[in-house]
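This one's a predicted model, so the numbers in the text were calculated from it and none came from an experiment. Counting convention: from 1, in listed order, for ligands and their atoms alike.
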Amino acid sequence: MRVREWDLRSASDAEIRSLVETLNQVLAADLPDDPPWQDVQVREYLAETMPGERRISWVAEDDRLPEGESTVFGHVTLLLLGDIGVLEVLVHPGLRRRGLGRQLVAVAARRAYLEGFSSIGVEAIGDTPAIPFYESLGFEREYVETRSVLTLSGVDWNALGSMAGSISSDYKVEYHPGGPPAELLEAYAQAKLEGQDEDNDLDLRPSSSDPQRLRDSLNTLHRRGLKPYIVLAMHEPTGVVAGLTEVVVPAQHPERADQYDTIVVREHRGYGIDRAIKARMLLELRGAEPELREVQTWNAQHNESMLKVNAELGFQPDRDWYEYGADVAQLVQRLEPTD
Ligand SMILES: CC(C)(COP(=O)(O)OP(=O)(O)OC[C@H]1O[C@@H](n2cnc3c(N)ncnc32)[C@H](O)[C@@H]1OP(=O)(O)O)[C@@H](O)C(=O)NCCC(=O)NCCS
């Protein structure tokens, strides 16, 4: 097996296809209910980052074949953002427990160390081998969320229609496919800033609360094949954004969308805005995305009001989703060959 650094921009189409096939084997083994990926904008999904961020990738492949012509059996990416490195590792289910995952983490950790990063974070999904794997490498659990999934075929659309309409006449609900319009960016970013909840999330999925960062983030989403949809509640007497909800439909698996932020600004809480904007979002998505079958969302377990609204909409808890972290220097030391 050969592990080599992999430049996504010059990788062959065959290699990208092979990575997608391996990813789909991983999904079938570890997350059999998740939809497989299509080979659509996968290069862009992996190569495009926010300004100031960098992603470095390595592949593990058969060393008997020339570079670029082999199957991708394993893959690791290191996303360097701010002062933290975020790892993603996958190994083909047929080649596990031979030390390959460990070798991939070692190569990425060494680079993070050389680049001067002191900590590394990773998302690991409950009830998959990733949990014992990262724990065996000394990673520590830092945060947990629950993923819930809504199946559109089970939705009571009439009930949803009344939820979408149950909102005081002070608020106007607006739907914006593609993202908030330019003239609302400032107010939108302000709502994100004011609505942020204090928690100790590692911020592996940072949200954007200043207008320039928000603009960059929307542009990056589009380039990666992730189409944003937004529903806003405008407070008409003051013209502020009182609440917002964001869903992204990925070109790589358009049958399952991802719920991003839902925020209701503090002084507008308690008026049912959360329920109304999320219901409106589902009604709009149903028309806009014919391939869509499910929406997934992640919530902290202490966020009871949001969990309650999600349950009313029909979301079912699926799995725990963990963030683990490790000190880079310790990790490098632990992974050094001992002979
Ligand atoms: C986690 C993953 C990368 C591990 O790859 P791997 O090549 O099997 O890992 P290694 O062989 O290097 O394992 C190193 C150590 O981790 C631990 N470990 C790994 N898998 C384990 C398992 N299934 N059960 C218990 N311990 C395990 C063991 O301590 C192992 O050492 P050992 O084999 O000497 O006992 C691989 O299972 C994978 O690709 N999982 C999916 C990753 C993922 O969730 N991707 C995102 C969603 S698709």
_Best match, L31, V89, L23: closest heavy atom to atom 42 (C) of ligand 1_ = V89
*Do protein heavy atoms approach atom 8 (O) of ligand 1 to less than 4.0 Å?*
yes
*asked:* Among all the protein's non-hydrogen atoms, which is closest to atom 33 (O) of ligand 1, and how far away is it?
replied: R97 NE, 2.9 Å
*Atoms in ligand 1 flagged as close to L27, the criterion being non-hydrogen separation under 4.0 Å*: 48 (S)
*Please examine the side chains of L282 and L150, heavy atoms only from C-beta on, and report whether any two atoms are closer than 4.5 Å.*
yes
*Any chance you could lay out the side-chain contact (heavy atoms from CB on, under 4.5 Å) test for V72 and E61, step after step, and finish with the verdict?*
CA-CA 5 Å; V72 172; E61 62 191 359; 5.6 Å; no
*For atom 47 (C) of ligand 1, which protein heavy atom lies nearest, and how many Å away is it?*
I125 CD1, 3.8 Å
_Residue-level breakdown please: for V91 versus ligand 1, do any non-hydrogen atoms fall below 4.0 Å on the side chain, on the backbone, on both, or on neither?_
both
_Check for me, please, whether V265 and I273 land in the same ILVMFWY cluster - side-chain distances under 4.5 Å, paths through other members count._
no
*Could you check atom 41 (C) of ligand 1 against the protein and tell me its nearest heavy-atom contact, residue, atom and distance included?*
D30 OD2, 3.1 Å
_Nearest non-hydrogen protein atom, atom 26 (N) of ligand 1_ = P132 CB, 3.4 Å
*Do the rings of W321 and W298 sit parallel, tilted or perpendicular, given the 30° and 60° boundaries?*
perpendicular
*Which ligand 1 atoms, with their elements, are less than 4.0 angstrom from a heavy-atom of G99?*
10 (P), 11 (O), 12 (O)
_For atom 12 (O) of ligand 1, closest protein heavy-atom neighbour_ = R102 N, 2.9 Å
*asked:* Give the atom numbers and elements of ligand 1 that come within less than 4.0 Å of a heavy atom of R98.
replied: 11 (O)
*Can you tell if the side chain of Y171 reaches within under 4.5 Å of the side chain of L232, non-hydrogen atoms only?*
no
